[in-house]
Amino acid sequence: MLAFSTMLSSGSGHQCTTARGQTQTCAPSTLKATFFYVSLYIVAVAQGGHKPCVQAFGADQFDQSDPKETVSRSSFFNWWYFGMCAGTAVTLVLLSYVQDNIGWGLGFGIPCAVMAAALAVFLLGTRTYRYYVTAGERGLFARAAEAFAEWRSRRKTLQHRDRPAAEGALGFSAGVDEEEQAAVSNSAGLVKEAKAIIRLFPIWATCLLYAVAFSQSSTFFTKQAATLDRRIGRHGLQVPPAALQSFISITIVVFIPIYDRVLVPVSRRYSGKPSGITMLQRIGTGMLLSLLSMVIAALVEKHRLGVARDAGLVDKPKVPLPMSLWWMVPQYVLFGAADVFTMVGLQEFFYDQVPDKLRSLGLALYLSIFGVGSFISSALVSVIDRVTTARGGSWFNNNLNRGHVDYFYWLLAALSAVELLAYVFFAVTYKYKNKRAVHATVES
């Protein structure tokens, strides 16, 4: 639909005359604009259904009761993210060039063809997948509604019984039939599942600022890169600003094999844990690297502002600064390393620590960290922009040379430090659902 929407747009790109007699490209019709936005929303809905379920299904292919498969499952999350980021790296480098220099139709058409091939490969494995069938089990919301209805029914019954508490208790215990026992059992099971989800909330909440910091890599980092000298090679190839994000994916693609094949086996010898370090230790390590990335980003932005002043280009935002794009590579690389720890750690944690029946919900909670974090980032930018504009100069001036994004990075670094302290507190006091899987010693 996205590829087709570009064809509709390109077909209507004739010139229109304004009231002042000027010519400009005609705006797309309401129908074409609606078609385009519906296409985008379908992508969002598809991602919301695909991402949490496919990770849970992939991890379900490993038997938790088998020590060797437990180790393999931990590696699965590493290689899953490796594949995702390898695809992202190719997309940022190849498709950004195709879209800028050839056209958006082909830019969307290539991913369409790739997804068709991916679907075919996925279906080829249908007969070999390992399935966990829970016959007769209803969905989460159906079971919740049933338990609530049973609770209300029993409550009304007890209210109609006009007898002393002790007598009522005896009468209730003596008169409970099998259906009531099943209802009580279902309610107890539902409460247990709810508690298992609620106890994850502190970890979820203390990871939100990591998502806020991460969202800068695709927003302000790209805006900074657009002001730099992005020529590379003898022929002066101009690198698109968005393509710098590929350094994150490249770092992940390079570092994950090192982590999985070198760091994990070495740390496993000392800790005796299948994954080398615990999931929470892994997440915390990535949060620390993210904090360091924000500090470096603030220092680089301060230097960039100084270069703009020294070159007399403060009021010429479209003129590239005499500052190489390589200055920004360290902050991208650190974010990539942070992702190897935190992103993959969060995926495994929210898969492993929820009840078995709610694993896709657990991975949806992991994904929601970054959705909510993006909203928090937008709200934070809006509030700071209003406050600083009222005081005479916005940190996020359209002319970045007149802004102070470095102050924003310092603020995020400070908030990340506070968040990390809170995270360490909750991580130290957290009790894993399955201690054997976390602490078991695996023979090499």
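Numbers for residues simply follow the sequence, beginning at 1.
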Give me the atom names and distance for the closest heavy-atom approach of [X] to [Y].
{"X": "Ser217", "Y": "Ile248", "result": "CB-CD1, 3.7 Å"}
{"X": "Tyr131", "Y": "Thr126", "result": "OH-O, 3.2 Å"}
{"X": "Arg199", "Y": "Tyr432", "result": "NH2-C, 4.2 Å"}
{"X": "Ala225", "Y": "Leu244", "result": "CB-CD1, 3.1 Å"}
{"X": "Gln238", "Y": "Arg231", "result": "OE1-CG, 3.2 Å"}
{"X": "Leu313", "Y": "Asn401", "result": "O-ND2, 3.1 Å"}

Exercise for the section: Please report the C-alpha distance between Arg391 and Val387 in whole Å, then the side-chain angles of each, then the deciding distance to 0.1 Å, and finally whether the side chain to side chain contact (heavy atoms under 4.5 Å, CB included) criterion is met. Expected result: CA-CA 7 Å; Arg391 294 185 177 182; Val387 173; 4.1 Å; yes
For a 4.5 angstrom cut-off between non-hydrogen side-chain atoms, does [X] reach [Y]?
{"X": "Phe35", "Y": "Val38", "value": "no"}
{"X": "Leu412", "Y": "Leu380", "value": "yes"}
{"X": "Pro320", "Y": "Arg230", "value": "no"}
{"X": "Ser39", "Y": "Phe108", "value": "no"}
{"X": "Thr388", "Y": "His404", "value": "no"}
{"X": "Gln216", "Y": "Ser377", "value": "yes"}
{"X": "Gln331", "Y": "Glu301", "value": "no"}
{"X": "Thr227", "Y": "Pro317", "value": "no"}

Exercise for the section: May I have the step-by-step check of side chain to side chain contact (heavy atoms under 4.5 Å, CB included) for Leu400 and Gln224, ending in yes or no? Expected result: CA-CA 7 Å; Leu400 209 61; Gln224 285 176 272; 3.8 Å; yes
Atom [atom1] of residue position [X] - does it have more than 12 heavy atoms of other residues, nucleotides or ligands inside 6.0 Å?
{"X": "Tyr129", "atom1": "OH", "result": "yes"}
{"X": "Lys223", "atom1": "NZ", "result": "yes"}
{"X": "Met115", "atom1": "CE", "result": "no"}
{"X": "Arg269", "atom1": "CZ", "result": "no"}

Problem - Partner residues of Tyr81 under the ring-ring contact (aromatic ring centres under 6.0 Å, His included) criterion, sequence neighbours left out - result: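 Partners of Tyr81 under the ring-ring contact (aromatic ring centres under 6.0 Å, His included) test: none.
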Problem - Results of ring-ring contact (aromatic ring centres under 6.0 Å, His included) for Phe221 - residues two or more places apart only - result: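 With sequence neighbours excluded, Phe221 shows a ring-ring contact (aromatic ring centres under 6.0 Å, His included) to Tyr332, Phe335, Tyr409, given in chain and number order.
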Judged by atom type as modelled, is there a donor-acceptor pair below 3.5 Å linking the side chain of [X] to the main-chain atoms of [Y]?
{"X": "Glu419", "Y": "Leu209", "result": "yes"}
{"X": "Trp395", "Y": "Asp385", "result": "no"}
{"X": "Glu69", "Y": "Asp63", "result": "yes"}
{"X": "Asn399", "Y": "Val314", "result": "yes"}
{"X": "Thr278", "Y": "Gln281", "result": "yes"}
{"X": "Ser267", "Y": "Leu263", "result": "yes"}
{"X": "Thr251", "Y": "Phe247", "result": "yes"}

Handout entry: Arg402 bridged to Asp315 by N-O distance under 4.0 Å
Key =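 So Arg402 pairs with Asp315 through a salt bridge.
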What's the separation between atom [atom1] in [X] and atom [atom2] in [Y], rounded to the nearest 0.5 Å?
{"X": "Leu334", "Y": "Ile296", "atom1": "CG", "atom2": "CD1", "answer": "4.5 Å"}
{"X": "Leu365", "Y": "Cys207", "atom1": "CG", "atom2": "SG", "answer": "12.0 Å"}
{"X": "Gln347", "Y": "Asn78", "atom1": "CD", "atom2": "CG", "answer": "9.0 Å"}
{"X": "Thr389", "Y": "Asn397", "atom1": "OG1", "atom2": "CG", "answer": "8.0 Å"}
{"X": "Ile277", "Y": "Arg268", "atom1": "CD1", "atom2": "CZ", "answer": "12.0 Å"}
{"X": "Leu415", "Y": "Met294", "atom1": "CG", "atom2": "CE", "answer": "10.0 Å"}

Centroid-to-centroid, [X] to [Y], below 6.0 Å?
{"X": "Tyr366", "Y": "Phe349", "result": "no"}
{"X": "Trp204", "Y": "Phe201", "result": "yes"}
{"X": "Tyr407", "Y": "Trp410", "result": "no"}
{"X": "Tyr423", "Y": "Tyr210", "result": "no"}

Handout entry: Result of checking Leu346, Thr342, Val340, Val264 against Arg282 for side chain to side chain contact (heavy atoms under 4.5 Å, CB included)
Key =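 Going through the options one by one, the only one that passes is Val340.
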Exercise for the section: Look at the rings of Phe76 and Phe62 and say which category their plane angle falls in: under 30° parallel, 30 to 60° tilted, over 60° perpendicular. Expected result: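 Judged by the thresholds at 30° and 60°, the geometry between Phe76 and Phe62 is tilted.
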Practice task
Step by step, work out the side chain to side chain donor-acceptor pair (under 3.5 Å) result for Ser324 and Asp229.
Solution key: CA-CA 5 Å; Ser324 173; Asp229 181 4; over 6 Å; no
Practice task
For the pair Tyr41 and Phe36, evaluate side chain to side chain contact (heavy atoms under 4.5 Å, CB included) and give the outcome as yes or no after the intermediate values.
Solution key: CA-CA 9 Å; Tyr41 287 128; Phe36 172 72; over 6 Å; no
Practice task
Using the ring pair (Phe, Tyr, Trp, His ring centres under 6.0 Å) rule, take Phe77 and Trp80 through it: C-alpha gap first, then chi angles, then the decisive distance, then the call.
Solution key: CA-CA 5 Å; Phe77 286 99; Trp80 161 268; 8.5 Å; no
Practice task
Determine which pairs satisfy ring pair (Phe, Tyr, Trp, His ring centres under 6.0 Å) with at least one residue from residues 266-300, sequence neighbours left out, and list them in order.
Solution key: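 Residue pairs with at least one partner in residues 266-300: there are none.
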Practice task
Show the numbers, then the answer: is there a side chain to side chain contact (heavy atoms under 4.5 Å, CB included) between Trp104 and Leu2?
Solution key: CA-CA 9 Å; Trp104 285 93; Leu2 279 171; over 6 Å; no
